[in-house]
Amino acid sequence: MAHTLDDVHTTLNTEVARRADELWDVALRLHADPEYAFAEHRSAALLTGVLEREGFAVERGVAGLPTAFTARSGHGRPAVALLLEYDALPGLGHACGHNLIAAAGLGAALAVRTVLGGTPGSVLAVGSPAEEGGGGKVLEAEAGVFDDVDAALMFHPGVYDWVRAPLTAQVQYRVGFHGRAAHPTGNPTEGIDALAALIELFNVVHGLGRRLPQASHIQGIVTQGGTATNIVPEYAEGRFGLRAATTAELEDLVEQLRTCAEGVALATGTRAEIERATVRYEHFRDSDVLSERFAGHLARAGITLTPPLPGVHLGSSDIGNVSSRVPAIHPFVAIMGADGSDHTPEFARAAASDRARTVLTAVTGALARTAADVLLDADLRVRAWARHREPEALQPSRRGLPETSAAPGGAGRTGTGKGQPW
């Protein structure tokens with residue numbers, strides 16, 4: 001049994017290297033058999049099967065979700081969670097690289113159990129479905145899955161190497177307008193055009209967009225606009241996606257959409273209905289204490305992480321709802337060049353490439369070593385929780401202060417790339 005933290009890190013490196021072929025096989029099997037939101041039955045069975053064979057206590061169907069699971073080794077606190085995503089994109093397969101996220105979280109959990117089995121505390125592998133649409137981690141967080149966890153760790157493949165993820169808050173709302181049907185020629189004055197009201201809402205929202213803060217926007221589509229051209233539409237409906245840099249700003253944006261819709265209804269004689277259509281993804285709160293520790297470990301594998309470019313936002317993810325509860329990390333590690341983008345066929349191919357295999361091994365080791373640090377270094381946990389409890393306005397990424405590279409040395413890669421549209 002290793003004794004010092006350096007000894008533990010060395011032993012974890014050896015263990016991850018021993019499992020590298022096995023983990024790559026898992027990543028390729030997931031990649032070859034993509035499944036979608038809340039229907040990832042074979043993927044969940046593959047992952048839980050491995051965990052169970054390795055001695056983890058597996059609970060399936062957590063948070064009332066058939067394809068969600070937790071797998072625990074050990075008992076009590078301290079506790080570290082490795083997050084596994086495994087849903088794919090319809091028509092594109094694993095074009096967001098979730099096969100690599102699952103394999104890395106799996107490998108880190110297995111390595112930590114093997115090396116630190118019997119150490120006080122617990123390691124938890126959390127299988128979270130439907131990140132691409134549905135928000136498995138939102139529902140797991142609400143069900144208390146992360147209530148007794150000291151850190152939540154994961155990575156995301158991308159087109160650049162960034163120490164933290166600038167992920168926005170997002171939600172979707174349904175807005176419907178009720179009018180009155182009529183014949184547009186026979187009795188046009190009797191009609192109240194619900195579609196005209198919906199179109200006016202789009203115009204008002206477009207005007208609103210000119211004065212929204214950075215990273216805030218509303219994007220809408222028409223989902224119902226009438227049934228025939230010779231009937232004044234009595235009902236019309238749109239679906240609006242709202243994003244903002246912070247969860248508080250998102251709530252402000254929701255109220256502005258509600259005000260706009262109610263104002264349009266008053267002006268057009270219609271009646272508006274506004275209701276939330278999806279779970280809300282909160283913005284991501286990075287634990288810089290843990291992210292810097294992860295980046296330092298990854299640098300020793302030859303990949304240097306840098307701060308994200310100022311003003312760049314990459315979309316949204318349900319990891320935000322976890323990060324508001326416990327210290328969390330979500331770095332990006334490149335598996336293709338900065339001129340590419342995820343959610344493309346090219347990225348799906350990259351998720352099964354030689355470069356992805358190299359990244360998978362490096363990231364699995366860094367996650368495992370960071371998880372071990374959380375379990376064995378009480379001072380690290382204290383500092384991570386203290387920073388987590390600080391008001392965000394006091395944290396470097398919110399103060400607008402320059403950030404330093406978290407990981408000196410190494411032959412890393414950098415790039416700007418394109419935004420990632422969760």
Side-chain angles (χ1 to χ4, degrees), residues 1-20 23 51 54-57 70-84 104-126 145-155 163-164 285-301 303 305 322-323 325-331 361-390 406-410:
M1 173 65 69
H3 296 289
T4 70
L5 203 51
D6 285 343
D7 290 337
V8 169
H9 291 163
T10 299
T11 309
L12 284 169
N13 284 345
T14 302
E15 181 64 18
V16 170
R18 183 180 74 83
R19 294 180 179 273
L23 298 177
L51 289 159
E54 293 278 348
F56 280 76
T70 60
R72 183 180 297 274
S73 176
H75 303 281
R77 306 283 283 271
V80 61
L82 283 307
L83 275 54
L84 285 63
L106 172 69
L110 296 177
V112 172
R113 182 184 189 279
T114 300
V115 174
L116 295 181
T119 301
S122 54
V123 58
L124 187 67
V126 179
V145 169
F146 302 98
D147 284 358
D148 296 314
V149 167
D150 291 293
L153 312 178
M154 66 173 292
F155 99 105
V163 69
R164 66 176 178 86
R285 295 184 56 188
D286 178 59
S287 172
D288 59 345
V289 173
L290 299 180
S291 287
E292 289 172 9
R293 184 64 64 98
F294 172 87
H297 289 311
L298 194 60
R300 285 184 278 279
I303 301 174
L305 301 183
V322 179
S323 73
R325 289 165 169 80
V326 301
I329 69 169
H330 187 287
T361 301
V363 165
T364 302
L367 285 172
R369 294 191 292 276
T370 306
D373 292 344
V374 171
L375 293 174
L376 299 176
D377 187 342
D379 178 66
L380 179 71
R381 294 195 302 274
V382 168
R383 289 190 292 114
W385 274 112
R387 180 58 63 90
H388 180 78
R389 292 178 177 125
E390 284 182 1

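Since this is a predicted model, take the numbers as computed values, not measurements.
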Original post:
Do Thr114 and Arg19 pass the side-chain contact (heavy atoms from CB on, under 4.5 Å) test, and can you show the C-alpha distance, the side-chain angles, and the key distance before you say yes or no?
Top reply: CA-CA 11 Å; Thr114 300; Arg19 294 180 179 273; 3.3 Å; yes
**OP:** Start with the C-alpha gap between Asp373 and His9, add the side-chain angles, then the distance that decides, and say whether side-chain contact (heavy atoms from CB on, under 4.5 Å) holds.
**Re:** CA-CA 9 Å; Asp373 292 344; His9 291 163; 2.7 Å; yes
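Salt bridge status for Glu292 with Arg383: absent, with no side-chain N to carboxylate O gap under 4.0 Å. We find that Asp288 and Arg164 are not joined by a salt bridge, their nearest charged nitrogen and carboxylate oxygen being 4.0 Å or further apart.
Minimum heavy-atom separation, Ala372 to Leu12: CB-CD1, 3.7 Å. The nearest pair of heavy atoms linking Ala366 to Leu298 is CB-N, 3.9 Å. Nearest heavy-atom pair, Pro78 versus Pro120, reported as atom, atom and distance to 0.1 Å: CD-O, 4.2 Å. Smallest separation of non-hydrogen atoms from Ala152 and Val326: CB-CG2, 3.9 Å. Considering every non-hydrogen atom in both His297 and Arg369, the closest pair reads O-NH2, 3.1 Å. Taking both residues in full, the closest heavy atoms of Thr361 and Ala20 are given as OG1-CB, 3.9 Å, listed atom of the first, atom of the second, then distance.
Between Val163 and Phe294 there is no side-chain heavy-atom pair separated by less than 4.5 Å. Leu375 is listed as a side-chain neighbour of Leu116, based on a closest heavy-atom distance under 4.5 Å. By the 4.5 Å heavy-atom criterion applied to side chains, Arg381 and Val374 are counted as neighbours. Here the side chains of Arg293 and Asp377 are in contact, with some heavy-atom distance below 4.5 Å. The shortest side-chain heavy-atom distance between Leu51 and Leu110 falls under the 4.5 Å cut-off. A heavy-atom distance below 4.5 Å is not found between the side chains of Leu106 and Thr364. Under the 4.5 Å side-chain criterion, counting only non-hydrogen atoms from C-beta, Val289 is in contact with Leu380. Side-chain contact between Phe146 and Val126 is present, with heavy atoms from C-beta onward closer than 4.5 Å.
Here CZ of Phe155 is found 12.0 Å from CG of Leu82. Values are rounded to the nearest 0.5 Å. Between the NE2 atom in His388 and the OG atom in Ser323 there is a gap of 7.5 Å [rounded to 0.5 Å].
For Arg325 (side chain) and Asp147 (main-chain N/O), no donor-acceptor pair under 3.5 Å exists by modelled atom type. A distance-only check finds no donor-acceptor pair linking the side chain of Ser287 to the backbone of Ile329 [under 3.5 Å]. In this structure a side-chain-to-backbone donor-acceptor pair under 3.5 Å is missing from Arg113 to Ser73. Asp150 places a side-chain N or O within donor-acceptor distance of the main-chain N or O of Ala79, the cut-off being under 3.5 Å.
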